[in-house]
Amino acid sequence: MTDGRTERSRSFGSQAAAYERGRPSYPPEVIDWLLPEGARTVLDLGAGTGKLTTRLVERDLAVTAVDPIAGMLEVLSSALPNTPALLGTAEEIPLPDASVDVVLVAQAWHWFDADRAVPEIARVLRPGGQLGLVWNTRDERMGWVRALDEIIGHEDACALLDAGVALSAPFGPIETHRVEWTNYLTPQALLDLVASRSYCITSPSAARAKTLDRVRQLLATHPTLAGATGLALPYITVGMRATLVDADRQPTPGNRTEA
């Protein structure tokens, strides 16, 4: 990852509260599809403030959250005090070998160094375990969403999905599942969503203020939004899953055997 992308990937802590207020959760249908039958232990990798973690805990699963940003984990732990929340990265996961049934990555795979993350994820998965990836992407087919995207730009996740996601061995073929749904939020939550985007966080203060002012103007003037106290923001959620097929893989140097 380049220095610029590294800076952006680690920038969210300063806007953790806005991230929690503005970002959507994930539709239950996609979460159910991502979870293998009988899975009990789950690693939420790149957990952030716990948008996905909360949905997993509600399913009475044994969940461990890992994220590289302390500020994000503080928000997660305040809401889920009984869920282990560990500082770590996809490239260096602070869990023992073969310790979880499934690894889920929500809205974060595009920040990872896949060449290093894939073998590390394989290390912590039990034989036959599963890796699941999920992204919420705004559905730009609605007029006001297109206008919003003209202000705040194309999502990093969309760029990755457009290019295609590939997983190397020891994972098998990728399966994909898409769900269209709508998230309902307030005008302030939309501003929080924009404020929590990495491009906005890392922009100079004047540019950041200009972007937020343009969103306020959109809220005030667009025929669909003007005067509204609640907004309907359409999403397309894309889920991907792949199974660990090389059960006889050998541990690589540096494997951790204790949490």
Side-chain angles (χ1 to χ4, degrees), residues 20 23-67 72-73 76-77 79-86 88-90 93-112 114 117-137 157 160-161 165-183 235-247 249 259:
E20 176 61 21
R23 297 297 182 106
S25 184
Y26 298 90
E29 177 185 341
V30 170
I31 299 173
D32 291 341
W33 183 83
L34 289 169
L35 290 169
E37 184 177 356
R40 293 297 310 150
T41 54
V42 183
L43 167 60
D44 185 359
L45 185 58
T49 61
K51 288 291 185 178
L52 178 61
T53 319
T54 299
R55 303 284 84 85
L56 299 172
V57 170
E58 290 172 349
R59 285 166 166 74
D60 199 29
L61 298 168
V63 185
T64 299
V66 170
D67 196 88
M72 302 290 268
L73 290 180
L76 185 153
S77 293
L80 301 170
N82 297 320
T83 298
L86 308 176
T89 68
I93 301 172
L95 290 182
D97 294 356
S99 57
V100 296
D101 298 320
V102 58
V103 174
L104 296 182
V105 180
Q107 221 72 23
W109 185 260
H110 52 288
W111 297 119
F112 296 171
V118 165
E120 183 69 343
I121 291 168
R123 178 185 68 79
V124 302
L125 277 171
R126 296 190 176 104
Q130 186 168 288
L131 169 61
L133 315 177
V134 62
W135 292 270
N136 287 321
T137 62
L160 176 67
L161 292 170
V165 177
L167 290 174
S168 58
F171 288 98
I174 296 176
E175 300 176 83
T176 302
H177 184 59
R178 292 165 57 95
V179 172
E180 296 182 13
W181 64 290
T182 300
N183 186 46
Y235 278 95
I236 300 172
T237 296
V238 180
M240 299 183 182
R241 66 187 184 189
T243 300
L244 184 66
V245 295
D246 183 7
R249 68 199 187 286

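Quick note: residue numbers are just sequence positions, from 1.
- The distance from atom CD of Glu120 to atom CG of Asp97, rounded to the nearest 0.5 Å, is 8.5 Å.
- Across every non-hydrogen atom of Val30 and His177, the tightest pair is CG2-CD2, 4.3 Å.
- The residue from Val66, Thr89, Thr64 that alone fulfils the side chain to side chain contact (heavy atoms under 4.5 Å, CB included) condition with Pro94 is Val66.
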List the steps, then state whether side chain to side chain contact (heavy atoms under 4.5 Å, CB included) holds for Val134 with Leu104. CA-CA 8 Å; Val134 62; Leu104 296 182; over 6 Å; no

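- A pairwise comparison of heavy atoms in Asp67 and Met72 identifies OD2-CB, 4.0 Å as the closest pair.
- For the salt bridge (Lys or Arg N to Asp or Glu O under 4.0 Å) test, residues two or more places apart in sequence or in another chain that qualify with Glu175 are Arg241.
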Could you please spell out the steps behind the side chain to side chain contact (heavy atoms under 4.5 Å, CB included) verdict for Leu61 and Arg40? CA-CA 5 Å; Leu61 298 168; Arg40 293 297 310 150; 3.4 Å; yes

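- When all heavy atoms of Ser25 and Asn136 are compared, the closest pair comes out as O-ND2, 2.8 Å.
- Looking at heavy atoms from C-beta onward, Trp135 lies in side-chain contact with His110 at the 4.5 angstrom threshold.
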Would you give me the side-chain donor-acceptor pairs under 3.5 Å for residues 41-52, sequence neighbours excluded?
from: Thr41; atom 1: OG1; to: Asp101; atom 2: N; distance (Å): 2.9
from: Thr41; atom 1: OG1; to: Asp101; atom 2: OD2; distance (Å): 3.1
from: Thr41; atom 1: OG1; to: Arg126; atom 2: NH1; distance (Å): 2.8
from: Asp44; atom 1: OD2; to: Thr53; atom 2: N; distance (Å): 3.2
from: Asp44; atom 1: OD2; to: Thr53; atom 2: OG1; distance (Å): 2.5
from: Thr49; atom 1: OG1; to: Glu20; atom 2: OE1; distance (Å): 2.6
from: Lys51; atom 1: NZ; to: Glu20; atom 2: O; distance (Å): 2.7
from: Lys51; atom 1: NZ; to: Arg23; atom 2: O; distance (Å): 2.7

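- Distance check: Tyr26 OH to Asp32 CG gives 15.5 Å after rounding to the nearest 0.5 Å.
- Remark: the backbone N or O of Pro27 is not paired with any side-chain donor or acceptor of Arg55 at under 3.5 angstrom.
- The aromatic rings of Trp181 and Tyr235 lie parallel to each other, their planes meeting at an angle below 30°, with 60° marking the opposite boundary.
- Looking at heavy atoms from C-beta onward, Pro28 lies in side-chain contact with Arg59 at the 4.5 angstrom threshold.
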Working note: Leu95 + Leu86, criterion side chain to side chain contact (heavy atoms under 4.5 Å, CB included); need CA distance, chi angles, decisive distance, verdict. CA-CA 9 Å; Leu95 290 182; Leu86 308 176; 4.0 Å; yes

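- A side chain to side chain contact (heavy atoms under 4.5 Å, CB included) with Ile121 is found for exactly one of Leu131, Leu244, Leu167, namely Leu131.
- What you find for Pro170 and Val118 is that their closest heavy atoms are CD-CG1, 4.4 Å.
- Using a 4.5 Å heavy-atom threshold, the side chains of Trp109 and Val105 count as touching.
- Shortest non-hydrogen contact noted between Ala242 and Phe171 is O-CD2, 3.9 Å.
- Summarising the geometry of Ala39 relative to Val102, their closest heavy-atom pair is CB-CG1, 4.3 Å, with the distance given to 0.1 Å.
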Could you go step by step and tell me if Ile236 and Val179 meet the side chain to side chain contact (heavy atoms under 4.5 Å, CB included) rule? CA-CA 6 Å; Ile236 300 172; Val179 172; over 6 Å; no

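- Within the model, atoms CG of Leu34 and CG of Leu133 stand 8.0 Å from one another, a figure rounded to the nearest 0.5 Å.
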